[in-house]
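Data block below; observations after.
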Amino acid sequence: MSPNETPRAAWPLVEDLNVFVTVVRKESFANAAAELGLSPSYVSKRIALLEKSLGMRLFHRSARAIHLTADGHKALSGALSVLDSMGDFVSGLAAWRDTIEGNIQMSCSFGFGSVYMPDALSALAERYPALNIKLTLTDRVVDLIEEGVDIEIRVGDDIKDLYITRQLSTNNRVLCASPGYLAKHGTPENIADLKSHKCLVIQERSAQFGVWPLTNGEESVQTHVSSQLSSNSGSVVLSWALKGHGIILRSQWEVQRHIARGELVQVLPDWHQAANIWAVYSNRTSGSAKLKVCIDFLVDYFQRFPPVAV
C-alpha cells in the first residue's frame, strides 16, 4: 500500500450478514438464534461486530421488540444482495464440478504406482464421479503425445523440457544396505569406496546403466558402480538388498520402512540423489479443465498424505 492510500475498512463476514438477515426475518435475536442453532448471546455478539465493521447502528432495541434503523434498512438490501451473489457463486462451483467428466489416461512406474496411486485415484474418483480414469503401470519411457497419456506420475527429476510439470512431493534416493552385508563387507566411508562394493543396479528408463549421480548439497559426482546383480525392477533389487547382496540407491518412500525396522541401514547419509515426484503433462492437454482439477487434486492429496511419511 502506498503512503497516500487510505486503508480499506475490514469487510463484514458473510456469516454475520446471514445472522443479520435471519434476525430481521425472525424479528428477534432469540428466534434467530434458535433457527441458526446458536446462543442468543452469540447472535448479539455477531450483530455488534457487524455494526462495528459497517460503522453504523442496525437496530433500535427495546425490551419487547427490535426495529431496523434507516442505516439498517440500507444494510439489509446490501446484505441480501451479497448473500444472493454468494449463493450463485457456490452453485456455480458445484455446477462446474459436475461438468468435470470424460476420460483421463494416466501412467506411472510399477513401484510408486502400485503402492501410492490406488488410494490417490480412489479419492479422485470419489471427488469427480463423472471421470473415467485409466492408470497404466510401466517402467519404460513414455511418450505422452504419441501414446495419448494425459498425465504421467514421474519419480525423478530427469524430465524433458518439452513437458510441463507440477511437483506432488519431495523425495530423495538414498544409499542402503542390509546389516548382514555391511558386517561382511564393511561400511563405505566415502563415495570412492562404492567402487569396491557390490552395488545392486536398476535400469531406470533412459538413465545410464551403472552410473549413480549423487550430491551432498555442495558437490555433485557421477559415481560409476559395478554390479553382480541388476534388474529393471525396483522391487527385485530391493529384495536382493534385503537378502544381503549389496548396496542399493532407492527412493526414501520405498526403503524408509525397512530402515525403521533395522532391515536396511542408510550408508553415506550425506549423499543422495534428488528424485522428486511430479505430475507431468504436455501442452496438448494444458488447457483442459478436467486435467487441471485432476492435477490440483493430486497436489493437494500428496501434500496431505506425503509418500515420505508412510
Side-chain angles (χ1 to χ4, degrees), residues 1-101 120 123-124 126-131 164-170 279 281 286-306:
M1 186 174 67
S2 67
N4 296 326
E5 248 184 296
T6 302
R8 178 183 61 79
W11 287 352
L13 298 177
V14 173
E15 298 102 308
D16 290 349
L17 296 178
N18 184 54
V19 169
F20 170 50
V21 170
T22 306
V23 170
V24 174
R25 181 165 50 81
K26 301 299 290 187
E27 300 180 340
S28 162
F29 280 34
N31 291 342
E35 178 170 311
L36 295 170
L38 304 171
S39 69
S41 62
Y42 185 76
V43 168
S44 180
K45 178 182 178 181
R46 298 318 308 175
I47 293 298
L49 289 172
L50 180 59
E51 289 178 327
K52 182 179 179 180
S53 175
L54 296 175
M56 60 179 62
R57 187 175 180 82
L58 300 174
F59 293 103
H60 294 299
R61 312 183 198 193
S62 67
R64 295 186 177 182
I66 59 171
H67 303 282
L68 283 171
T69 64
D71 285 340
H73 281 286
K74 180 66 175 177
L76 176 62
S77 175
L80 289 170
S81 177
V82 169
L83 292 174
D84 284 344
S85 297
M86 181 59 68
D88 292 342
F89 170 70
V90 173
S91 298
L93 285 180
W96 178 77
R97 172 182 176 256
D98 290 341
T99 63
I100 300 301
E101 60 183 7
L124 177 63
E126 289 180 5
R127 180 68 176 84
Y128 298 104
L131 276 180
I164 305 168
T165 60
R166 287 278 302 279
Q167 186 170 322
L168 302 181
S169 183
T170 58
Y281 55 106
S286 60
S288 165
K290 65 182 177 182
L291 179 80
K292 182 181 186 304
V293 298
C294 286
I295 294 174
D296 287 346
F297 180 91
L298 292 173
V299 169
D300 177 71
Y301 179 89
F302 284 111
Q303 284 178 348
R304 291 184 291 120
F305 308 106

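Position 1 is the first residue of the sequence; numbering continues from there. The figures here come from the full heavy-atom set of this structure, side chains too, leaving out hydrogens, waters and symmetry mates.
Atom NZ of K290 is separated from atom SG of C294 by 8.5 Å, given to the nearest 0.5 angstrom. In this structure, CG on L131 lies 13.0 Å from CD on E126, to the nearest 0.5 angstrom. With rounding to the nearest 0.5 Å, the separation of NZ in K45 from CZ in F29 is 14.5 Å. Atom CG in L17 sits 7.0 Å away from atom CG in L54 (nearest 0.5 Å). Rounding to the nearest 0.5 Å gives a distance of 11.0 Å between CG of L50 and CG of N18.
Between A75 and F20, the shortest heavy-atom distance links the atoms C-CE2, 3.8 Å. Considering all non-hydrogen atoms of both residues, D16 and R46 come closest at OD1-NE, 2.7 Å. Between R166 and D296, the closest heavy-atom pair is NH1-OD1, 3.1 Å. Of all heavy-atom pairs spanning P40 and A30, the tightest one is CG-CA, 4.3 Å. Counting all heavy atoms, side chain and backbone alike, P306 lies closest to Q303 at CD-O, 3.7 Å.
The shortest distance between side-chain heavy atoms of L36 and Y42 does not fall below 4.5 Å.
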For side chain to side chain contact (heavy atoms under 4.5 Å, CB included), just list the numbers for K74 and M56, CA-CA rounded to whole Å, side-chain angles, deciding distance to a tenth of an Å, and then say yes or no.
CA-CA 11 Å; K74 180 66 175 177; M56 60 179 62; 6.0 Å; no
Step-by-step side chain to side chain contact (heavy atoms under 4.5 Å, CB included) determination, I47 to R61
CA-CA 12 Å; I47 293 298; R61 312 183 198 193; 3.8 Å; yes
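Without hydrogens or angle criteria, S85 side chain to S81 main chain gives a donor-acceptor distance under 3.5 Å.
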